[in-house]
Amino acid sequence: MRTMKNTIPSRYDHATISAKWQKIWADARVYEPNLDHPVDPYYNLMMFPYPSAEGLHVGNMYAFSGADIAGRFQRMNGHDVLEPIGLDGFGIHSENYAMKIGKHPAEQALVSEKHFYEQLQQIGNGFAWNERLETYDPEYYKWTQWLFIQMFKKGLAYKAISKVNWCPSCKTVLADEQVEDGVCERCKTVVERKDAKQWFFRITNYADTLLKNIEKLRWPEAIKIAQRQWIGKKEGVEIAYPIADTDEKITCFTTRPETNFGATFVVIAPEHELAMRISRGEVEIAREHQDEVKTYCDQALKKSEQQRLEDARKKTGAFTGLYAINKLNNSKMPIYVADFVLAGFGTGAVVGVPAHDLRDFEFAQVMELPIIRVVTGKNGDTTPVVDKNQVQEDDGAMINSAFLDGLEVAVASKKIIEYMVEKGWATRSTSYHLRDWLISRQRFWGPPIPMVECVGTPSCGWQPVPEDQLPVELPYIEEYKPMGDGKSPLEKAPESWLMTTCPRCGETAKRETDVSDTFLDSSWYFLRYPSLGSKTASTLAFDPERIKTWMPVSAYIGGAEHAVLHLLYARFVTIALHEWGLLSFDEPFPFLFGHGLIIKDGAKMSKSRGNVVNPDEYIVKFGADTLRTYLMFLGPYDQGGDFRDDGIAGMERWMQRVWRTVVEKTSATNPTTPALQKKLHQTIQKCTHDLGEFHYNTAIASMMECVNLWNDASESMSREDAMQFLCLLAPFAPYMTEELFQWLGCWDGEGEFRSIHRSNWPIANPQFLVQNDVSFVLQMNGKTKAVFTVPLTTARSQERIETFLQSQEKTKQVLRGAVPKKTVFVPEKLINYVI
RNA sequence: GCAGUGGUGGCGGAAUUGGUAGACGCGCAGGACUUAGAAUCCUGUGUCCUUAAAUAAGACUUGAGGGUUCGAUUCCCUCCCACUGCACCA
């Protein structure tokens, strides 16, 4: 284009161009929103990354780039976009990596941070670098500790004895997520269970709110289902059965009370309070039963996760010698202890109905207990249940159940509940799968839990550290590794740190030496980002004005691996803060988009498989523009794809073609040729729609079609239209499009800089979208026989189209004189002759 | 076992509400340009089959089988496979 005043190379050189614009963008603060007075704020957030051992891999880049494209699209649609980045660098993951390479986590953190941010600089995202944060920064974890204290003050944090995972080989406590199928994820040693005193958050107080609110979230259905399943609300009844010859009762939770006429035994968990009392000899039963129960419980409680899995479905148990009375029919039901019953669900005691529950059936077979059918099987089957395959857990009609006989299960259930509740034998009850959130970690690399235990005055107990003394800084200790005895590494902190004064009585007090779970760090970070740099950033966890402006998050983008843990914790914290009047909303992420996973050779990328793809070399070779666009072209963003080397060369080729076409076939004086004009506006429409839906692969395909036409000898585009096209590609290829855009716009580095990334998203002109001609299909018996290009007016009228078709030689060939039995006409689309 | 997601050419994938299956790209084959290569460009490319110098014609085809419909990748039923999450939850 001779009229352009500056020259441009004939090929796109990504390295120099990327470096050039990175600097110009930073200087012009292109990606820094006005946090206090934004225009149409849009909070574009990607899930908090932790620095992994391998650094950023291509899967991370896929996540970030896809999210960034959405952010850039919103920015061009007139929003002030906040797209922050930071590092979830505290926690076991980082600590383990430091241990592995023999470095101190505090030192390694700085190395990882530098490397990670350098990599993130390269991928072409429009991050607001001014608002970054790291969870191990005392300025950040000061507020994580503050959050803990608020939980404590509201009665939502408590300390209790709990079982922890213990790896005898690593001599350390493990988090649940480090236990895979009952073995330690690192050394594959069988994990044991140990008792320890732990801090918990009462997330279960909010089980119902967490469940109910799911309905109003625009989230992937799969994640919503996972959360519902995890919360696991079950409505049922608790039935209190008197224990024969005692004054005691045993309470069982059941969701199927209508089957109670078929109940033939009761089973309690080894951890059940009655079982423990028997073991201690506090219940009057025959000596042999007491010994048997004690032996069984001792064994069961020692059992590791691994053994429990191995023993799965092999039913064992011990008879207590006690009987529960089923008042419905005054039958005596023997009470057993068995480890297939879980202590943590319901009441830890189960009433056995072997004909209608597979586990109960298996147990009844082993213990030779009676089996009574009370619900008819398929086709009204009333025969006795003698085989596993006959166990009837589905709906049917009641039998052998006195006043329930003949009723359908659902009806019978309502009736028996009313009956038993009225008699005072049962109460309605709800049970949840969700447990309280275990916060304590006997590890080093995390925020110290900000609590002190008074030594001087025992009645003071646990006291929170006064808020003006926060943060409780993590002391530097050389021997940070987990100790062999399950105690926290911070026990070895200097006395000056360990001992302090009790905020209540002023006597000596000892600090809590556990640190908090990493998931606590990430449960509130989205509130901190928009607050950074505000007037109140140093005095409040989050700035109320900024929060009002920016929260809730406009789009939260991340993988499904956090379907329950992180997303549930963040919701819980937000709901609590809302309840305390600190937030005006009760859900942090009304909209969540779950991206897919990038796999390599059909498998998830992992270091052990040796298939981790590092994006660095590809960025060096092809540039971020090409890699980003290639990744997005791989498949639908919510499905991920398989990373292969051969496809990326094709994308590189296309990028060069775009460059060449823009440079060679743009005119400063002539208008866009008509066919191309039409194509451009179709592409604008398609891209606008697809980017809004995260359908990146099809948006790219449509741009390719446009460039293919543009590249044709007879086509050329005006400068203005070419700039419009570049806008469509800008979110994907931010560097190249900026270079070409500024070249077309004749910006030479002087005067006001207006980035393509701050320009307006193109609007499709409906004038160019009007279809004059359509492809009209002629079918016979539903099969396509011919396609005609006809004017729209013809295609809209059956009469006109039939007149037209009769004039066509092709129609005669197809019909061969046959007379249609029936004619189906779809305006603008097709006509189908049924013969 | 339960739940979810998916299954379309040699490969990744496309197909607004049931209406031309295979867009776009990769790969492959042939050709042009070139001393040669790189780069670029052009043409072809689901399978089978018939006829043929060529043009062309036909049948089949969206994991398998069945159903609804003038018409099904799309809706319904049965089954198979892959991946993911939960898993003795009463």
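By convention in this document, chain letters (A, B, ...) are assigned in the order of the sequence lines, proteins followed by strands, and residues within each chain are numbered from 1. Bear in mind the structure is a predicted one, so any value in this text is a computation, not a measurement.
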Practice prompt. Tell me which of A:E221 and A:F253 sits closer to the 5' end of RNA chain B, going by the nucleotide each one is nearest to.
Written response: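 Nearest nucleotide further toward 5': that of A:E221.
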
Discussion item. Assuming nearest nucleotide by heavy-atom distance, tell me which of A:G344 and A:L634 is located more 5' along RNA chain B.
Written reply: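 Closer to the 5' end of RNA chain B: A:L634.
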
Tell me what [X] touches on the nucleic acid: a base, only sugar-phosphate, or nothing, going by heavy atoms under 4.0 Å.
{"X": "A:Q229", "answer": "base"}
{"X": "A:V834", "answer": "sugar-phosphate"}
{"X": "A:N708", "answer": "sugar-phosphate"}
{"X": "A:L830", "answer": "base"}
{"X": "A:Q779", "answer": "base"}
{"X": "A:N832", "answer": "base"}
{"X": "A:A226", "answer": "nothing"}
{"X": "A:G650", "answer": "sugar-phosphate"}
{"X": "A:R435", "answer": "base"}
{"X": "A:S775", "answer": "base"}

How close or far is atom [atom2] of [N] from atom [atom1] of [X], stated in whole angstroms?
{"X": "A:R228", "N": "B:A87", "atom1": "CZ", "atom2": "C1'", "result": "19 Å"}
{"X": "A:R653", "N": "B:C26", "atom1": "CZ", "atom2": "P", "result": "5 Å"}
{"X": "A:I268", "N": "B:C88", "atom1": "CD1", "atom2": "P", "result": "19 Å"}
{"X": "A:K224", "N": "B:G4", "atom1": "NZ", "atom2": "P", "result": "15 Å"}
{"X": "A:M651", "N": "B:G13", "atom1": "CE", "atom2": "P", "result": "14 Å"}
{"X": "A:I599", "N": "B:G13", "atom1": "CD1", "atom2": "C1'", "result": "14 Å"}
{"X": "A:I648", "N": "B:C11", "atom1": "CD1", "atom2": "C1'", "result": "17 Å"}
{"X": "A:D690", "N": "B:A23", "atom1": "CG", "atom2": "P", "result": "17 Å"}

Practice prompt. Return yes if some donor-acceptor pair links the side-chain N/O of A:T347 with the main-chain N/O of A:T251 below 3.5 Å, else return no.
Written response: yes

Worksheet item: Does A:L358 offer a backbone N or O that forms a donor-acceptor pair with the side chain of A:K388 under 3.5 Å?
Response: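 Not at all, since once roles are kept as given, no pair shorter than 3.5 Å links the two residues.
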
Worksheet item: Salt bridge or not for A:E802 and A:R800, using N-O below 4.0 Å?
Response: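 No, A:E802 and A:R800 are not salt-bridged.
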
Discussion item. Any donor-acceptor pair, under 3.5 Å, between the side chain of A:K821 and the base of B:C70, if you only look at N and O atoms?
Written reply: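 In this structure, the two groups form no donor-acceptor pair.
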
